[in-house]
S.K.: 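After the structure tokens below, expect a handful of questions from me.
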Number of protein chains: 2
Amino acid sequence: MVNLVQTKRLQKYRMALLRFKKMGLKKTFSHSLSEETSVSAVLIRKDFSQCGIRGKRRGGYDIDLLLGELKKIFGHEKEQNIIIVGLGNIGSALVKYEDYRQSNMNMVAAFDIDPAKRTRRYPVPVYSLENLREVIDTFDVSVAILAVPEFSAQETSRYLVENGIRGILNFAPVLLKVPDHVLVNNVNVMIELERLMYHIGVIQD
Amino acid sequence: MVNLVQTKRLQKYRMALLRFKKMGLKKTFSHSLSEETSVSAVLIRKDFSQCGIRGKRRGGYDIDLLLGELKKIFGHEKEQNIIIVGLGNIGSALVKYEDYRQSNMNMVAAFDIDPAKRTRRYPVPVYSLENLREVIDTFDVSVAILAVPEFSAQETSRYLVENGIRGILNFAPVLLKVPDHVLVNNVNVMIELERLMYHIGVIQD
DNA sequence: AATAAAATGTGAAAACTGTAACAATAAAAT
DNA sequence: ATTTTATTGTTACAGTTTTCACATTTTATT
Ligand SMILES: NC(=O)c1ccc[n+]([C@@H]2O[C@H](COP(=O)([O-])OP(=O)(O)OC[C@H]3O[C@@H](n4cnc5c(N)ncnc54)[C@H](O)[C@@H]3O)[C@@H](O)[C@H]2O)c1
Ligand SMILES: NC(=O)c1ccc[n+]([C@@H]2O[C@H](COP(=O)([O-])OP(=O)(O)OC[C@H]3O[C@@H](n4cnc5c(N)ncnc54)[C@H](O)[C@@H]3O)[C@@H](O)[C@H]2O)c1
């Protein structure tokens, strides 16, 4: 229905709308959203139009209605269970993150090969990878956060996919090889920093 | 010289090339890179061509030469100092991250309003924000990682910019308003997860 | 030496994405 | 009631990005 670039913009609009709502606003205009998101007003209207979202001429868009439609599009209506693999520095921050609920996601379990990590100090139970299939089946998990060291990321992702995972949010700085039906989103801090530096022109050739 | 979409692809190529190099390879072909990065072979050749990188017809590209050119483009040649603001869950993971050196970046200091964080338990000194200007000037810092709570992110970013920061890697789930000369890259875990779910079609409307 | 094969490099075409112009409509002002 | 104003929604256009087709070069084979 909507493609990747549109999806990204819709998510931006959603963030802006949530902010407007928090400020007590009831309606908004393509302009206001444009200022907030740096997307042109026309394009915003086009995106909404294409998603079947209608505003009122001269009256703007109803914020609750917009958020409702976006909720439908992004499927926040059904709760989605997720898991995390690797409870090191970054993994243990992510397992404690509290915003999952806001998007109707539910962190149900964590996995680590290190038995020392399998304690009750975390907000979810921590298992050995042997229990992966069981957890995935029990909680109908499709998406996993991967936060294991670089050298084991490929192997671990293979194992995740083998056991039914179809979406991976990968924090390891490697391009994972996965089958076609699996989607990987990479979060790569170094790459973001490098691009930042490149574009602010810190670089004097 | 290269635009945003190209920059992203060049970074992908670089990751693949580093991997090839680690595997002991000396040269590579647009095909091989294509398989590794999921970018079409023609586009890869075009990108290289546009960056003035030449291969040998039938002989492919020299990996070291490619990496050298990319290094020039991304300016890994000059060391860049960076700082981090906010040492909570995610901030303290990031301050311990060890890959900065690999891209010739140097984490020189951390900042937190909580005095309890200002201990020697971290790999860099932790200061109050009062010391920001001093650190920025001393170490010629242009880029900061922002890992403070959502509600203080906008205000903190304003303060960073006021003191000379021109690039922000923002982990808070807000669209920061910054002057034109400042660039923000957002890392938003929830948004990545949502898009993952949307695209794997977990969502049954 | 001649031919075949495997790669790069590139101009033209196609596909995709965003912008501009403006008609349609609703609200506000007169 | 009429006119003005502000805003959406859409069609045509412009710009950007990617792919296609194929010429060119180098290496390998016969
Ligand atoms: N620390 C950061 O700020 C940061 C930032 C961005 C990306 N990353 C990346 O995230 C990954 C993890 O980084 P980290 O700093 O948390 O590392 P870490 O070494 O602190 O943690 C890795 C964890 O994964 C576990 N583990 C190792 N192999 C495993 C396996 N096969 N299955 C399950 N668990 C396994 C280890 O026991 C450990 O708990 C790395 O790839 C790193 O490059 C880290
Ligand atoms: N925890 C995660 O895994 C995670 C993941 C993605 C994004 N985030 C985002 O990162 C940010 C930090 O998350 P967290 O979980 O680390 O929160 P946290 O509450 O654990 O840490 C926030 C830290 O910032 C400090 N701080 C607060 N205001 C400050 C200010 N004005 N200047 C300097 N320091 C200040 C606090 O003292 C604290 O140490 C949040 O915006 C969160 O949404 C967190």
Side-chain angles (χ1 to χ4, degrees), chain A residues 1-14 16-17 20-21 25-70 73 175 180 195 198-199, chain B residues 1-14 16-17 20-21 25-70 73 175 180 195 198-199:
Chain A
M1 180 168 176
V2 289
N3 63 30
L4 199 132
V5 297
Q6 277 178 312
T7 311
K8 289 189 180 179
R9 284 198 301 264
L10 292 178
Q11 291 185 300
K12 263 192 168 178
Y13 306 155
R14 181 159 169 270
L17 289 165
F20 288 165
K21 186 171 175 157
L25 300 177
K26 292 272 174 274
K27 61 179 186 174
T28 189
F29 306 97
S30 54
H31 277 107
S32 326
L33 278 170
S34 174
E35 196 164 303
E36 193 76 8
T37 60
S38 311
V39 176
S40 79
V42 204
L43 191 45
I44 293 176
R45 296 201 295 275
K46 236 185 177 176
D47 283 335
F48 286 162
S49 169
Q50 213 209 300
C51 294
I53 300 172
R54 318 290 301 186
K56 267 199 240 163
R57 300 200 187 211
R58 167 119 200 198
Y61 297 92
D62 181 273
I63 289 180
D64 282 330
L65 188 139
L66 275 176
L67 283 170
E69 290 296 322
L70 291 174
I73 291 170
L175 300 168
D180 278 350
R195 206 166 50 241
Y198 178 70
H199 280 106
Chain B
M1 179 171 177
V2 290
N3 62 31
L4 200 133
V5 297
Q6 276 178 313
T7 311
K8 288 190 180 177
R9 284 198 302 264
L10 292 178
Q11 291 184 300
K12 262 192 171 180
Y13 306 156
R14 181 160 169 271
L17 289 165
F20 288 165
K21 186 174 173 151
L25 300 178
K26 291 272 174 275
K27 60 180 187 173
T28 190
F29 307 97
S30 53
H31 281 107
S32 325
L33 279 169
S34 173
E35 198 165 301
E36 193 77 8
T37 59
S38 311
V39 177
S40 80
V42 204
L43 192 45
I44 293 176
R45 295 201 295 274
K46 264 224 160 120
D47 283 336
F48 287 162
S49 170
Q50 213 209 300
C51 293
I53 300 172
R54 317 290 301 187
K56 269 199 238 161
R57 301 199 186 209
R58 170 120 199 198
Y61 297 91
D62 182 273
I63 290 179
D64 282 330
L65 188 141
L66 276 176
L67 283 171
E69 291 296 323
L70 292 174
I73 292 170
L175 301 169
D180 278 349
R195 206 165 52 241
Y198 177 69
H199 281 107

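All chains are named by letter (A, B, ...) in the order of the sequence lines, taking the proteins before the strands, and each is independently numbered beginning at 1.
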S.K.: Could you state the atom-to-atom distance from CD of B/Glu35 to P of C/dA7 in whole Å?
M.R.: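 About 12 Å, once rounded to whole Å.
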S.K.: Take B/Arg45 and A/Val42, find for each the nucleotide of DNA chain C with the closest heavy atom, and name the residue whose nucleotide sits nearer the 5' end.
M.R.: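 Comparing both residues, the 5'-ward one is B/Arg45.
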S.K.: What do the steps show when you test B/Leu65 against B/Ile53 for side-chain contact (heavy atoms from CB on, under 4.5 Å), and what is the final call?
M.R.: CA-CA 8 Å; B/Leu65 188 141; B/Ile53 300 172; 4.2 Å; yes
S.K.: Let's see if you can work this out: which of D/dT10, C/dG18, D/dT18 has an atom nearest to the side-chain heavy atoms of B/Leu43?
M.R.: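 Among D/dT10, C/dG18, D/dT18, the one nearest the side chain of B/Leu43 is D/dT18.
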S.K.: If I take atom CG in residue B/Asp47 and atom C1' in nucleotide C/dT8, what distance separates them, rounded to the nearest angstrom?
M.R.: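 Between C1' of C/dT8 and CG of B/Asp47: 14 Å.
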S.K.: Is it the case that the base of D/dT8 and the side chain of A/Lys46 share a donor-acceptor contact (distance under 3.5 Å, atom types as modelled)?
M.R.: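 Per atom types, no contact qualifies.
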S.K.: So which nucleotide from D/dT19, D/dT17, D/dG9 ends up closest to the side chain of B/Asn3?
M.R.: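 Looking only at heavy atoms from C-beta outward on B/Asn3, the closest nucleotide is D/dT17.
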S.K.: Rounded to whole Å, please give me the gap between CD1 in B/Ile53 and P in C/dT10.
M.R.: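 Result: 13 Å.
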S.K.: To the nearest Å, how far apart are A/Leu33 CG and D/dT8 C1'?
M.R.: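 After rounding, the reported distance stands at 13 Å.
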S.K.: Charged N to carboxylate O under 4.0 angstrom, A/Lys21 versus A/Asp64?
M.R.: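 A salt bridge links A/Lys21 with A/Asp64.
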S.K.: Under 4.0 Å between a side-chain N or O of B/Ser49 and OP1 or OP2 of C/dT8?
M.R.: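 So the side-chain polar atoms of B/Ser49 never come under 4.0 Å of the phosphate oxygens OP1 or OP2 of C/dT8.
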S.K.: Counting distance only, does the side-chain N/O of A/Lys27 pair as donor-acceptor with the main-chain N or O of A/Gly60 below 3.5 Å?
M.R.: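 Absent.
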S.K.: Can you tell which of D/dT19, C/dG18, C/dA7 lies closest to the side chain of A/Arg9?
M.R.: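 Selected nucleotide (nearest to the side chain): C/dG18.
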S.K.: Check every strand shown and say whether A/Gly55 touches a base, only sugar-phosphate, or nothing at a heavy-atom separation below 4.0 Å.
M.R.: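 Sugar-phosphate: the residue A/Gly55, judged by heavy atoms under 4.0 Å, touches backbone atoms but no base.
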S.K.: Ignoring the backbone of A/Phe29, work out which of D/dT8, C/dG18, C/dA21 is nearest its side chain.
M.R.: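 The answer is D/dT8, which lies nearest to the side chain.
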S.K.: I need the OH-C1' distance between B/Tyr61 and D/dT27, as an integer number of Å.
M.R.: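 Answer to the nearest Å: 17 Å.
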S.K.: Does the structure show a Watson-Crick or G-U wobble partner for D/dA1, both distances under 3.5 Å? Name it, or say none.
M.R.: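 D/dA1 is paired, partner C/dT30.
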S.K.: Could you tell me the separation between the CD1 atom of A/Ile44 and the P atom of C/dT17, rounded to a whole number of Å?
M.R.: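 Interatomic distance, CD1 of A/Ile44 to P of C/dT17: 17 Å.
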S.K.: Looking at side-chain heavy atoms only, is the closest gap between B/Arg14 and B/Leu67 below 4.5 Å?
M.R.: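 Counting from C-beta outward, B/Arg14 and B/Leu67 do come under 4.5 Å.
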S.K.: Quickly work out the B/Lys8 NZ to D/dT17 C1' distance and round it to whole Å.
M.R.: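 That distance rounds to 14 Å.
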S.K.: Using only side-chain N and O atoms of B/Ser40, determine if any of them is under 4.0 Å from OP1 or OP2 of D/dT18.
M.R.: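 B/Ser40 to D/dT18 OP1/OP2: no side-chain N or O under 4.0 Å.
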S.K.: Counting only Watson-Crick pairs (N1-N3 plus N6-O4 or O6-N4) and G-U wobbles (N1-O2, O6-N3), all under 3.5 Å, who is the partner of D/dT30?
M.R.: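 WC or wobble partner is C/dA1.
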S.K.: Touch check for B/Phe48, heavy atoms < 4.0 angstrom, all strands: base, sugar-phosphate only, or nothing?
M.R.: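 No contact.
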S.K.: Within the distance-only criterion (no hydrogens, no angle test), does the side chain of A/Ser49 pair as donor or acceptor with the backbone N or O of A/Arg45 below 3.5 angstrom?
M.R.: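 It does not hold such a pair.
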S.K.: Under 4.0 Å between a side-chain N or O of A/Arg54 and OP1 or OP2 of D/dG9?
M.R.: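 Affirmative; the distance criterion is met.
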S.K.: Record whether the side chain of B/Arg58 comes under 3.5 Å of the base of C/dA5 through a donor-acceptor pair of N or O atoms.
M.R.: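 For B/Arg58, whose side chain was compared with the base of C/dA5, there is a donor-acceptor pair (under 3.5 Å).
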S.K.: Quick one: which of C/dA24, C/dA20, D/dT17 gets closest to the side chain of A/Arg57?
M.R.: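 My answer, after comparing the listed nucleotides, is C/dA24.
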S.K.: Rounded off to whole Å, could you give me the CG-to-C1' distance for the B/Asp62 and D/dT26 pair?
M.R.: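 Taking CG of B/Asp62 and C1' of D/dT26, I get 16 Å after rounding.
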S.K.: If you define the side chain from C-beta out and look only at heavy atoms, does anything of B/Ile73 sit under 4.5 Å from B/Thr7?
M.R.: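 Result no, sub-4.5 Å side-chain heavy-atom pair not found.
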